[in-house]
Structure formats: C-alpha cells, structure tokens
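These notes are about the structure you will find just below.
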Amino acid sequence: MALYEHVFLARQDLAQAQVDALAEIATKIVEENEGKVTKVETWGLRSLAYKIAKNRKAHYVMLNIDAPGGVIAELERQTQINEDIIRYMTVKVDELEAGQSVMMRKQDRPDRGDRGPRGDRGDRGPREDRGDRGDRGPRREETAGE
C-alpha cells in the first residue's frame, strides 16, 4: 500500500468538536476501504494568506494514511462534497514522518527574540556623505515655505 499525507482546511466558524468530527469522517472513509490512518494532527485555527470563500482563517488538520490509491480517490471525492472543507491536498510520500510534524514542532520552539538590537550596523561603521550623488537641490521642507 502507498503512503499519503492528506491536509484539509475547515471553515473558521466551526467549533473544534465539529473539526474533530470531520477528521473522524475522513478516518472512517479510509478504514471502510481497507486503508489505515496512522496519525491525525490538528494544527488549530490559523490565518490564511488570502481569503478563501470569505474566510480569513481556517482549521488545519493533517492525516497520515497508509492505503491504496482508490481509497484516496474516494476520500477526495467525499471531501469535495463537504461544504465545511474549503481546501484539501493529498500528497504521496515515500515514508511517513515519525513523531510530530514540522508544523507542530514550529509551535514548540522558543521566541526568536535572541537576534540582538536592530540598529547595530556591525563592522560597517557610520554612514558618510556620498559625494557621487552631487547636489540634489533643495529639500521639500525648504521649498514648502515659499
């Protein structure tokens, strides 16, 4: 059997229990067709890069699936029919990731506040006058009073 990662985005106005029910429905579809869901991860409510069907956010869910290709065709058909799911994507993979996915590990890492101050120019030194620009005429502030 082949290995797949199936990610779907559910509407933002759904409760978490409804999102979990959608994941259960997908799991049931796979298992009824002699496949196996090895892992279900709920990534939570996240912002979208652009509006999709008037939604600015969506609930993300990922399923790791071990099943033949016909099962995935049926899962995608059922997913397309469901009005609560606004996007989905299924990818065939060589091996399933053990442990947490990258999206879950991303939430666990500490803040990135260790970069230091932003204003430091390092070894470049202070800025100097650039003589190659010549005289550019009066500035806006100077001409505004005239």
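Predicted model only: the values in this text are computed from it and were never measured.
Hydrophobic clustering keeps Val37 apart from Met62 (ILVMFWY residues linked when any side-chain heavy atoms are closer than 4.5 Å, directly or through intermediates). Both Leu63 and Ile25 sit in one connected hydrophobic cluster of ILVMFWY residues. Membership requires side-chain heavy atoms under 4.5 Å apart, directly or through other members. Residues Ile85 and Tyr60 do not share a hydrophobic cluster, clusters being chains of Ile/Leu/Val/Met/Phe/Trp/Tyr side chains in contact below 4.5 Å.
The structure places NE2 of His59 at 9.5 Å from CD1 of Ile86, a figure rounded to the nearest 0.5 Å. Note that CG of Asp66 is 7.0 Å distant from OG1 of Thr38, once rounded to the nearest 0.5 Å.
Lys36 and Val30 make their closest contact through N-CG1, 3.6 Å (heavy atoms, listed as atom of the first residue, atom of the second, distance). Counting all heavy atoms, side chain and backbone alike, Leu14 lies closest to Val19 at CB-CG2, 4.1 Å. Closest non-hydrogen pair, Ile65 versus Ala67, comes out as CG2-CB, 3.7 Å. Taking each heavy atom of Tyr4 and Leu96 in turn, the nearest pair found is O-CD2, 3.6 Å.
With a 6.0 Å radius and a threshold of 12 heavy atoms from other residues, nucleotides or ligands, Met1 has its CE atom above the threshold. Other residues, nucleotides and ligands place no more than 12 heavy atoms under 6.0 Å from the NZ atom of Lys57. When the shell of 6.0 Å around CD of Glu34 is examined, it contains 12 or fewer heavy atoms from other residues, nucleotides or ligands.
A side-chain hydrogen bond (donor to acceptor under 3.5 Å, both in side chains) check over residues 9-22, counting only residues at least two apart or in different chains, returns the pairs Arg11-Asp13, Arg11-Asp84, Gln16-Asp20.
Asn55 contributes a side-chain N or O that, together with a main-chain N or O of Ile52, makes up a donor-acceptor pair within less than 3.5 Å. A donor-acceptor distance shorter than 3.5 angstrom exists from the side chain of Asn33 to the backbone of Ile29, with no hydrogens or angles considered.
Residues Val40 and Val61 have side chains in contact (heavy-atom distance under 4.5 Å, counting atoms from C-beta outward). Side chains of Tyr88 and Leu75 form no contact here, defined as non-hydrogen atoms less than 4.5 Å apart.
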- Message: Is there a side chain to side chain contact (heavy atoms under 4.5 Å, CB included) between Phe8 and Asn82? Walk through the geometry before answering.
- Response: CA-CA 11 Å; Phe8 67 86; Asn82 195 329; over 6 Å; no
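The only member of Arg46, Met89, Arg87 that meets side chain to side chain contact (heavy atoms under 4.5 Å, CB included) when paired with Leu9 is Arg87.
Side-chain polar atoms of Glu76 and Gln80 form no donor-acceptor pair below 3.5 angstrom.
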